[in-house]
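One structure is given here, and the rest of the page talks about it.
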Number of protein chains: 4
Amino acid sequence: MEGKIYRPHFSTASDARVVRTRESLRRALLELLQSRPFEQITIREIAATAGIGYTTFFRHHPTKASLLDDIAAEEIRMLIEYLLSTFDTRNVKDSSLALCNYVADQRTLWSTLLTGGAAGTLRDEFIRVSKKVAEESQHTAGWLPAEVGIILVASGTIELLAWWLGQEHPIAVDKVATIYERAILSPVVMSSDD
Amino acid sequence: MEGKIYRPHFSTASDARVVRTRESLRRALLELLQSRPFEQITIREIAATAGIGYTTFFRHHPTKASLLDDIAAEEIRMLIEYLLSTFDTRNVKDSSLALCNYVADQRTLWSTLLTGGAAGTLRDEFIRVSKKVAEESQHTAGWLPAEVGIILVASGTIELLAWWLGQEHPIAVDKVATIYERAILSPVVMSSDD
Amino acid sequence: MEGKIYRPHFSTASDARVVRTRESLRRALLELLQSRPFEQITIREIAATAGIGYTTFFRHHPTKASLLDDIAAEEIRMLIEYLLSTFDTRNVKDSSLALCNYVADQRTLWSTLLTGGAAGTLRDEFIRVSKKVAEESQHTAGWLPAEVGIILVASGTIELLAWWLGQEHPIAVDKVATIYERAILSPVVMSSDD
Amino acid sequence: MEGKIYRPHFSTASDARVVRTRESLRRALLELLQSRPFEQITIREIAATAGIGYTTFFRHHPTKASLLDDIAAEEIRMLIEYLLSTFDTRNVKDSSLALCNYVADQRTLWSTLLTGGAAGTLRDEFIRVSKKVAEESQHTAGWLPAEVGIILVASGTIELLAWWLGQEHPIAVDKVATIYERAILSPVVMSSDD
DNA sequence: CTCTAATCGAGACGGTACGTCGCGTCTTACG
DNA sequence: CGTAAGACGCGACGTACCGTCTCGATTAGAG
């Protein structure tokens, strides 16, 4: 176990080379995801596209999925951070619009992730972070366990976005925001009313 | 000249041996799914567990996923058939209860599928069949495209069931049915009212 | 062991169907040999070409090679029978010519066999039959064991014929006969002079 | 994209591991050939015997036959190199003796190859190399095309050696050399006299 | 001319080996 | 003398062909 591959200190990843390498890897994976689904991409391809040695990949990520997790975690973190800064239980409508606008602004990135086989990873990461956030503000509803609410919102969000970004003919942001508000957010957020 | 693997006539699967073999395969996969997730199961294991030759597997399914699809399609078909026979737009509550009871009655099977890595397949199959059913009864809402409604209900259903069946301490059927009704079904089904 | 396949009575193969089937198999193999080497021909192809069922093949031959052996044995038997009827130690020249003429008369057949991967089988069969014939007329030379003589003549014959029939531009029968006499037959047959 | 199996640079096989691996493969095949014929040996066995991974085999040889060719080519090359250094058209007798002694000195190796199913490969390789050598010294006889001479000598050589090394009771080298000279070499080499 | 038994056709099946692919580890040659 | 290049072991995949095994359907040829 715990092979002998030389791994950079993950914690103190301050080394400029390390930063550069990891950034290359992320970019490479995202680039490849635009041409075919995640499972069909090999580590060798990622390394080649990133312009780094095959072995070097493993110095930064134990597995292919780990790199994707990295990307997903980062994007989800930024998304949720943004949402938290604008979120207001009283104003679900604005929050919905904010989310949709945020995603629309980075359409290419999210489109790539959601249609390239990373949807599952994003959803799981979404749930994970949401749970952590929810731990602080314990607002348990009567009929709806907080965990279920999170799962439903997270999966609903991912599904809706995936559908949206997968459409041939673009759909207006506010229409999607309306769907999001009425079919996904409200039913769960309003649960406390009961 | 007659290359490739000899595949039984999938359409005319009247041969007793073929029926037996396929049944064995389904059972074998379900059995194995109880011990570990789908991706960690090899075709060789399935064949061995089913008591059939490795090659024979491919005479019935081009890939491991195809067998799972088969099972998922069958279960989803039966589930939806059952639901359609009891469904009533006016009475969402009873439908919710019916669904939850149906799943609870086959707890082992659904638990295996939902927690064994087949959730995605089930969800996709759910969506596929739902779309086909929906084609007939075109009731498009104003703000909610039918397709989105289907996707949200399907994914919500799967997520909720997966959470339910994954709980350590059993949760009452009617509690889950309530969640299902209020957080998943109603928001979408009521859309036509608007 | 000794499986349960129903096999026609090999000894009393008087049944019209059996005779027909076997003849079809021989013809089919020879036909296929004209398009590609023996090892690349499958039993299924032979059966299909012969217009008989796959299983039926095994009712007549335990293996693919067995069918080829059959053909080779038959041709070698006829060739040697013919040679024996004209052979004369004193007149090696005429014998050589006789052999070459015999083969030239059935150019297609021998060409197929010799260039289709059956050369080895023919050679072995040639040796086998020759040994049996030689058992009767024991004429052992001093320096050359009869067995070696047979092997050298047989392999030399096959090699020369294979070369001959594989040439693009046809070569006159008498030229080949001369080579056969001087390079293959004489050196061995004359051995008794010593 | 970089598909296929990764093959070591055949030309620049300077890597110590590559050299080691290939040597292991040769030794493994020769070892196995002593117990059963070539066709009955599987690549998996060769790899296992050589102590290398199954896949690694294909990184060095596209097919099982290719490994045998390698060995055959090497041995034939060395044999012919040795013969050329001692060969003299005027002294066929000594050349014959030289050949027989050379083979006798490596009795085990040649015995393995000739009786293990590699005779055909050796013969073909013998012919191939001989042709290349003969291209330089164009001495075409009147009645005997050079190519035929080569084929007959090569096949005769292989057959005689195979018979010799296959005998239960050992046969003196000079006796074999005599046969070789009188029945195989002389008839062809003397052809130019005519 | 019939009837009985042998032969045949079809094809599902178990099995063995093949060659491919990708992963993750380990070694080595090279700068 | 450290590091990228890449050889290697591993294990699963899917293909190809083999030879066996049911079944019926057909067809000789003997009575």
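Remember, predicted model here, so these are calculated numbers, not experimental data. Just so it is clear: chains get the letters A, B, ... in the order the sequence lines come, proteins before strands, and each one is counted from 1. These values consider heavy atoms only, across backbone and side chains, with no hydrogens, waters or symmetry-generated copies.
- Nearer to the 5' terminus of DNA chain E, by closest-nucleotide assignment, is the contact made by C/Ile52 (compared with the other of D/Lys64 and C/Ile52).
- Following rounding to the nearest Å, C/Leu25 (CG) and E/dC8 (C1') show an atom-to-atom distance of 12 Å.
- When the nearest nucleotides of DNA chain F are assigned to B/Tyr54 and C/Tyr54 by heavy-atom distance, the more 5′-ward of the two goes with B/Tyr54.
- Judged by distance alone with a 3.5 Å cut-off, a donor-acceptor contact links the side chain of C/Arg17 to the base of F/dT27.
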Kindly list each side-chain donor-acceptor pair under 3.5 angstrom involving residues 110-119 of chain A, sequence neighbours excluded, with atom names and distances?
| from | atom 1 | to | atom 2 | distance (Å) |
| --- | --- | --- | --- | --- |
| A/Thr112 | OG1 | A/Thr108 | O | 2.8 |
| A/Thr115 | OG1 | A/Ser111 | O | 2.6 |

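- The residue C/Gly51 sits close only to the backbone: its heavy atoms come under 4.0 Å of sugar-phosphate atoms, none of a base.
- Going from atom CD1 of B/Ile43 over to atom C1' of F/dT15 covers 12 Å, rounded to whole Å.
- The nearest heavy atom of DNA chain E to B/Phe57 and to D/Arg20 marks one nucleotide each, and the one closer to the 5' end goes with B/Phe57.
- Set against F/dC8, F/dT22, E/dA6, the side chain of D/His60 has F/dC8 as its closest nucleotide.
- The base of F/dG11 lies outside donor-acceptor range of the side chain of B/Arg44, with no N or O pair under 3.5 Å.
- B/Phe38 places its CZ atom 14 Å from the C1' atom of F/dC13, with the value rounded to the nearest Å.
- Within the structure, a side-chain polar atom (N or O) of B/Thr63 is placed less than 4.0 Å from OP1 or OP2 of F/dG14.
- Comparing F/dG14, E/dG19, F/dA7 against the side chain of D/Asp15 picks out F/dA7 as the nearest.
- Of the candidate nucleotides F/dT26, E/dT20, E/dC23, E/dT20 has the atom nearest to the side chain of D/Phe58.
- In this structure, D/Thr21 and A/Gly53 both approach DNA chain F, and ranking their closest nucleotides by distance from the 5' end singles out A/Gly53.
- The main-chain N or O of B/Arg17 is found under 3.5 Å from a side-chain atom of B/Thr21 such that the two form a donor-acceptor pair.
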Side-chain donor-acceptor distances from residues 23-32 of chain A under 3.5 Å, at least two apart:
| from | atom 1 | to | atom 2 | distance (Å) |
| --- | --- | --- | --- | --- |
| A/Ser24 | OG | A/Arg20 | O | 2.9 |
| A/Arg26 | NH2 | A/Asp70 | OD2 | 3.2 |

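- Between the CG atom of C/Leu67 and the C1' atom of F/dG19 there is a distance of 16 Å, given to the nearest Å.
- For the pair B/His61 NE2 and E/dA12 P, the interatomic distance rounds to 14 Å; values are reported in whole Å.
- Residue B/Thr56 has its side chain nearest to E/dG14 when only E/dG14, F/dA28, E/dT16 are considered.
- C/Phe58 and C/Tyr54 have perpendicular rings, their planes meeting at more than 60° on a 0 to 90° scale where under 30° would count as parallel.
- Two residues are said to be in side-chain contact when any heavy atoms from C-beta on lie closer than 4.5 Å; D/Phe38 and D/Thr121 fail this criterion.
- Candidate nucleotides F/dC13, E/dA6, E/dA29 were compared by shortest atom distance to the side chain of D/Ala16, and E/dA29 ranks first.
- Regarding contacts with the backbone of F/dA4, a side-chain N or O of A/Arg59 is found under 4.0 angstrom from either OP1 or OP2.
- Phosphate contact (OP1/OP2 of E/dG19, side-chain N/O of D/Thr55, threshold under 4.0 Å): absent.
- Remark: C1' of E/dC18 and CD1 of D/Ile41 are 16 Å apart, rounded to the nearest angstrom.
- Minimum atom distance to the side chain of D/Val18 is reached by F/dC8, of the listed E/dG14, F/dC8, E/dT7.
- Contact detail for D/Glu39 and D/Lys64: the closest heavy-atom pair is O-NZ, 3.5 Å.
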